[in-house]
Amino acid sequence: MKRNDWILIAVLTLIPAILLTGNIIAAQKIASPCLVITVDGSTFGIYDLNEDRIIDINGKNTCTIKDGEASMTYADCPGQNCVHSAAIGKEGGSIVCLPNRVILKIENAAVTAERPDAVTG
Amino acid sequence: MSAKRIAYLGLLLALAVLFGYVESLIPVNLAIPGIKLGLANIVIVAVLYIFTWKEALAVSVLRVVIIGFMFGNLFSIAFGLSGTVLSVISMALLKHSGHFGIVGVSAFGGVMHNIGQLAAAALIVEGFPFLWYLPILMLAGLLAGILIGAVSLPVMKRLPRINDF
């Protein structure tokens with residue numbers, strides 16, 4: 001083997017190694033799922049799902065984050081649809097309080113659509 | 001081109017087709033589709049060195065088409081052609097430069113083969129995670145190319161040279 005062959009092989013090893021490292025770093029940088037609360041179309045606040053807390057939304061609604069899931073625990077409206085909605089976690093989803101125009105939504109939900117499929121032959 | 005050359009090339013083409021079939025009989029199940037040794041490339045590399053890049057391109061393209069019609073479909077022909085054409089052309093350029101040995105040429109060909117296939121996949125399959133596949137298949141192609149190059153060296157010594165015809 002010539003000296004150039006070794007250099008070529010080294011370069012051809014280095015390029016994918018750098019690409020792979022870049023991919024792993026980029027994957028880690030993708031933001032973790034978080035809760036976004038909007039009131040009347042404008043953002044009220046963004047919250048970390050891993051941090052248990054109770055959020056008062058203008059005295060009309062109360063959102064509770066517990067064990068990585070968010071749920072509406074109080075609403076001053078007669079319907080109470082949002083209070084009865086299932087809790088939303090990192091898989092995504094939303095809870096809507098229509099009378100008060102409050103939306104709880106998970107952003108950056110754990111996406112499964114990016115996985116490669118088995119089409120290549 | 002003399003009849004002997006044509007016969008010799010036909011023989012090598014049949015060998016290349018058969019290598020692909022023999023390899024499909026070996027059950028190597030890796031987690032990522034598209035990683036394989038590519039035994040047939042021993043023949044392609046040998047043809048590239050015994051004849052010229054034109055014969056290597058002809059044999060490799062015909063091999064993909066024949067295997068595609070026998071065992072595959074139009075998609076496998078498209079993937080195969082994009083990989084093999086890029087591979088043979090890049091190997092020919094590297095060989096022509098005169099700065100590299102057969103192992104280096106074959107290693108580069110292996111990498112370019114997988115890059116060509118990935119490029120076709122990225123064009124055909126929507127939302128294909130090209131950047132995730134690229135480094136893994138580059139390394140796989142490199143390893144396969146080095147092995148093929150290392151095997152081609154003793155094989156070439158035993159094959160009759162074109163000057164003998």
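Residue numbers start from 1 in every chain, and the chains themselves are labelled A, B, ... in the order their sequence lines are given, proteins ahead of strands.
In B:Phe71, the CZ atom is crowded: over 12 heavy atoms of neighbouring residues, nucleotides or ligands sit closer than 6.0 Å. Applying the 6.0 Å contact sphere to CZ of B:Phe130 captures more than 12 heavy atoms from other residues, nucleotides or ligands. Residue-environment remark: CD1 (B:Ile124) exceeds the threshold of 12 foreign heavy atoms within 6.0 Å.
Of all the heavy atoms in B:His99 and A:Lys2, the pair that sits closest is O-CD, 3.8 Å. For B:Ile136 against A:Leu20, the heavy-atom pair with the smallest separation is CG1-CD1, 4.1 Å.
For residues 32-49 of chain A, the salt bridge (Lys or Arg N to Asp or Glu O under 4.0 Å) pairs, not counting sequence neighbours, are A:Asp40-A:Arg101.
Your options are B:Gly80, B:Pro135, B:Gly104, and the one with the most heavy-atom pairs under 4.5 Å with chain A is B:Pro135. Most heavy-atom pairs under 4.5 Å with chain A: of the set B:Val105, B:Asn73, B:Leu139, this distinction falls to B:Leu139.
For the pair B:Leu134/A:Pro16, no side-chain contact is recorded, criterion being any heavy-atom separation below 4.5 Å from C-beta on. Looking at A:Ile15 and B:Val111, their side chains never come closer than 4.5 Å, going by heavy atoms from C-beta outward.
For B:Leu153, no part lies under 4.5 angstrom from a heavy atom of chain A. With a 4.5 Å cut-off on non-hydrogen atoms, B:Leu142 touches chain A through its side chain but not through its backbone.
In the hydrophobic clustering of ILVMFWY residues, with side-chain heavy atoms under 4.5 Å counting as a link, B:Phe108 and A:Leu14 come out apart. By the criterion of side-chain heavy atoms lying less than 4.5 angstrom apart, applied directly or through intervening Ile, Leu, Val, Met, Phe, Trp or Tyr residues, A:Trp6 is grouped together with A:Leu8 in one hydrophobic cluster.
With sequence neighbours excluded, no residue forms a ring-ring contact (aromatic ring centres under 6.0 Å, His included) with B:Phe75.
B:Ile146 pairs with exactly one of A:Asp5, A:Ile9, A:Leu12 by the side-chain contact (heavy atoms from CB on, under 4.5 Å) rule, that one being A:Ile9.
In this structure, A:Asn4 contributes its side chain and B:Gly101 its backbone to no donor-acceptor pair below 3.5 Å.
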